[in-house]
There are 2 protein chains.
Amino acid sequence: MCYIGEMLKKQLPLLFNTLANMNFSSITIKDIATALNLSVSTVSKALRDSYEISENTKKLVTGYAQEHNYRPNPIAQSLKQGRSKSIGIVVSTIENQFFSQVINGIESVAYENGFNVIITQTHESYELEVKNVGHLTHRSIDGLLISLSTETKDIAHLKTLHKQGLPIVFFDRVTDEIDTHKVIADNFKGGYDATCHLLDSGYKRIAHITSPANISITKERFAGYSKALEEAGIAIDDDYIKYCPHGGRDIGEVENALNELLSLKNKPDAIFTTSDRITTTTLMLLNRLKIKIPQEIALIGYTNTTLADVLNPSLSSVYQPGFEMGQKATQKLLELILAKRPVYEFETLVLPTQLVTRDSTARQ
Amino acid sequence: MCYIGEMLKKQLPLLFNTLANMNFSSITIKDIATALNLSVSTVSKALRDSYEISENTKKLVTGYAQEHNYRPNPIAQSLKQGRSKSIGIVVSTIENQFFSQVINGIESVAYENGFNVIITQTHESYELEVKNVGHLTHRSIDGLLISLSTETKDIAHLKTLHKQGLPIVFFDRVTDEIDTHKVIADNFKGGYDATCHLLDSGYKRIAHITSPANISITKERFAGYSKALEEAGIAIDDDYIKYCPHGGRDIGEVENALNELLSLKNKPDAIFTTSDRITTTTLMLLNRLKIKIPQEIALIGYTNTTLADVLNPSLSSVYQPGFEMGQKATQKLLELILAKRPVYEFETLVLPTQLVTRDSTARQ
DNA sequence: TATTTCTACGCAAACGTTATCGAAGAATTT
DNA sequence: AAATTCTTCGATAACGTTTGCGTAGAAATA
């Protein structure tokens with residue numbers, strides 16, 4: 001029909017390319033081919049340094065490519081090769097500094113290996129987790145890094161993918177039901193150390209506000225807490241254990257837990273909290289209630305905020321190596337992705353936590 | 001060659017699909033076509049509800065598709081349509097709560113409209129900014145949301161893309177040199193309000209620790225600071241203005257700024273800081289130096305940390321509507337992306353900041 | 001010189017879509 | 001009954017790559 005239009009299109013491919021379909025990846029292999037009077041396959045092979053191509057034409061092609069800033073279209077490559085060179089991440093929320101540190105670790109390793117990352121957030125919702133995982137896999141990720149949401153009890157959505165062969169590495173909140181690499185902090189020791197520290201500082205009625213019991217970190221940290229109490233000859237009091245259904249996502253659930261603790265006949269003299277949000281929210285609520293820390297109640301908790309030092313009072317905390325966790329998890333995932341043959345040997349890396357004692361647990 | 005292998009491949013496409021090329025997007029249009037004895041084009045049109053297809057076959061196809069959980073391969077769609085339904089984000093670091101709040105706003109709007117996001121971080125490095133923008137555009141993003149790094153002075157890398165027609169929306173740290181939509185906080189008013197508050201509280205020697213002068217937010221906030229002082233009849237003292245080259249990325253630069261202020265003959269009695277990192281680092285350093293806040297020096301700063309209330313002392317701050325900024329910026333970007341014809345009318349949205357006064361600026 | 005092996009390149013198919021066009025048969029109009 | 005229009009579908013090309021295979025000519029061997 002529009003002959004002149006077609007003519008122009010042939011002569012000015014670049015112009016029309018940018019104006020028409022908004023694709024900014026400059027020139028294509030085809031452009032190079034026509035410019036150098038070669039076939040696309042020759043150009044492709046030259047760029048990939050194939051033995052089939054002479055040194056002369058290789059130089060010709062790579063020269064022209066560099067000059068015109070050629071970069072292969074990753075979408076086309078993904079389609080052809082069936083892999084996208086990108087990995088999916090599922091965390092509860094990046095507003096949590098622990099997770100943003102993990103993500104920084106992930107990125108550092110991923111970028112180094114030519115992979116890019118796609119970050120999704122569950123906001124502690126099972127439904128969103130399923131949805132995100134679905135989105136990610138349909139965007140053709142090569143592998144998945146996931147920390148389960150607090151709501152997640154059924155992991156069928158992940159089992160299916162795992163069976164289909166999608167490389168998955170769990171970090172932080174893991175599951176026993178899938179056999180693959182996992183990277184976690186030493187949650188048992190974190191809970192144990194925190195509780196021991198409280199005991200050593202003279203506290204005896206130690207409460208525990210934590211995430212739902214179904215997620216791994218809750219159980220592991222609780223186990224450490226229990227062990228420390230047991231060693232000190234103190235019985236576990238169920239009244240002292242409070243669970244926040246959403247891991248502290250809502251202030252209300254922490255408020256309820258705290259109120260229940262404060263209305264006990266035998267009020268706790270110390271609280272050990274897990275999860276960043278629960279910890280900082282508890283601190284805020286205690287301050288709001290004008291309850292002196294640590295004089296009336298001591299507080300120690302898991303948190304990765306860089307502000308622990310400058311909180312009121314400065315907050316004793318269990319710090320997790322988030323950045324390192326991200327790095328390690330990504331390394332293990334890349335091992336799976338790049339493996340020539342199926343991997344059947346999996347390991348669980350346990351990274352040390354760090355107890356930092358500050359004013360909120362000062363000895364009375 | 002391997003006839004039996006080929007036979008199997010035809011009969012068990014799904015199995016081989018998953019085992020061979022690791023693509024998990026279940027079945028393809030072709031699978032549906034062969035299963036229903038239709039052509040691929042018919043199936044494609046049926047799925048897209050084309051008028052060319054009878055209701056009968058439409059039902060047949062969509063039924064089969066649902067049953068077998070068909071989902072179009074987004075990679076193939078991207079390649080075909082020249083757009084990827086994804087938008088790129090460039091921020092300094094997601095560890096900064098302000099930016100993670102912005103990102104949450106971005107995601108909320110993007111997902112609602114079927115777009116996914118790719119987040120990249122500059123860590124305040126110009127080099128990384130250029131690199132990230134390059135990566136993003138070559139991954140065929142449909143649009144870009146960017147807050148410039150503190151190091152960025154030359155924006156040639158963005159000008160080129162903008163000229164080529166890539167939809168770009170700036171937020172937070174913007175530039176005059178590119179005419180497009182921008183979403184910023186009312187930085188002038190933020191600086192003005194903060195300074196007025198200090199003046200009202202009786203402080204007179206007000207220092208200012210801020211980001212490099214080349215980025216927009218620095219200038220705007222400084223203008224507000226200046227205006228407030230001017231109205232109060234106080235001359236601007238250059239000795240009181242300190243710039244942190246990396247916006248507080250390194251403790252050292254904040255430490256230098258603070259030391260210089262503290263060694264002045266006429267020490268400031270209050271400090272107004274910009275940027276989350278500078279603010280919290282200043283607080284930490286003052287505490288470390290055992291300088292009483294606000295008795296010796298008052299402190300107010302830009303920060304979006306949810307912990308301002310519970311810092312020691314609780315921190316007066318200028319809060320920016322991060323989530324809303326992300327939402328607005330994404331809405332404007334989607335307008336550009338989805339526009340039928342080129343857009344030439346651009347606007348700059350200015351969102352109100354919120355001054356929250358707390359103990360760190362209490363009246364003396 | 002006649003045959004074989006290299007060397008260096010092009011053809012064509014494929015990845016999963018979408019879109020243009022042509023066409024067979026049915027339904028409608030003249 | 002003949003001509004036209006609808007309806008419904010399929011063949012084909014295209015997006016930008018990669019790759020197996022075929023092959024022309026040069027080089028090496030017999």
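FYI, side chains are in, hydrogens and waters are out, and symmetry mates aren't considered; it's all heavy atoms of this structure.
Between the side chain of B/Ser39 and the base of D/dC9, no donor-acceptor pair of N or O atoms lies under 3.5 Å.
Ionic pairing of A/Glu347 and A/Lys332 is present here: one or more N-O contacts between side-chain nitrogen and carboxylate oxygen are shorter than 4.0 angstrom.
Relative orientation of the B/His181 and B/Phe346 rings is perpendicular, given thresholds of 30° and 60° on the angle between their planes. Below 30°, between 30° and 60°, or above 60°: for A/His135 and B/Tyr111 the angle between ring planes is below 30°, a parallel geometry.
Toward the 5' end of DNA chain D, the nearer of the two residues A/Val40 and A/Lys30, judged by each one's closest nucleotide, is A/Lys30.
Distances shorter than 4.0 Å separate none of the side-chain N or O atoms of A/Lys80 from OP1 or OP2 on C/dA13. For D/dG16, neither phosphate oxygen OP1 nor OP2 lies less than 4.0 angstrom from any side-chain nitrogen or oxygen of A/Tyr70. Contact check, A/Gln77 against D/dT18: a side-chain N or O comes under 4.0 Å of OP1 or OP2. The phosphate of C/dC9 (OP1 or OP2) has a side-chain N or O of A/Thr57 nearer than 4.0 angstrom.
If you check D/dG16, C/dC11, D/dT18 against the side chain of A/Asn73, the one that comes closest is D/dG16.
Between the CG atom of A/Leu79 and the P atom of D/dC15 there is a distance of 14 Å, rounded to whole Å. If you take CD of B/Glu55 and P of D/dT8, they are 8 Å apart, rounded to a whole angstrom.
B/Leu38 comes within contact range of the sugar-phosphate backbone alone, with a heavy-atom separation under 4.0 Å but no base atom that close. Backbone-only contact: B/Ser54 has heavy atoms under 4.0 Å from sugar-phosphate atoms and none from a base.
Taking A/Glu67 as the reference, nothing meets the side chain to side chain donor-acceptor pair (under 3.5 Å) condition, with sequence neighbours excluded.
Residues of residues 43-52 of chain B that place a heavy atom closer than 4.0 Å to DNA chain D, in numerical order, are B/Lys45, B/Glu52.
Using a distance-only test at 3.5 Å, with no hydrogens or angles considered, no donor-acceptor pair links the side chain of B/Asn116 to the main chain of B/Ile87.
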Derivation of the salt bridge (charged side-chain N to carboxylate O under 4.0 Å, His left out) call for A/Lys58 and A/Glu52: CA-CA 10 Å; A/Lys58 272 185 193 169; A/Glu52 292 182 86; over 6 Å; no
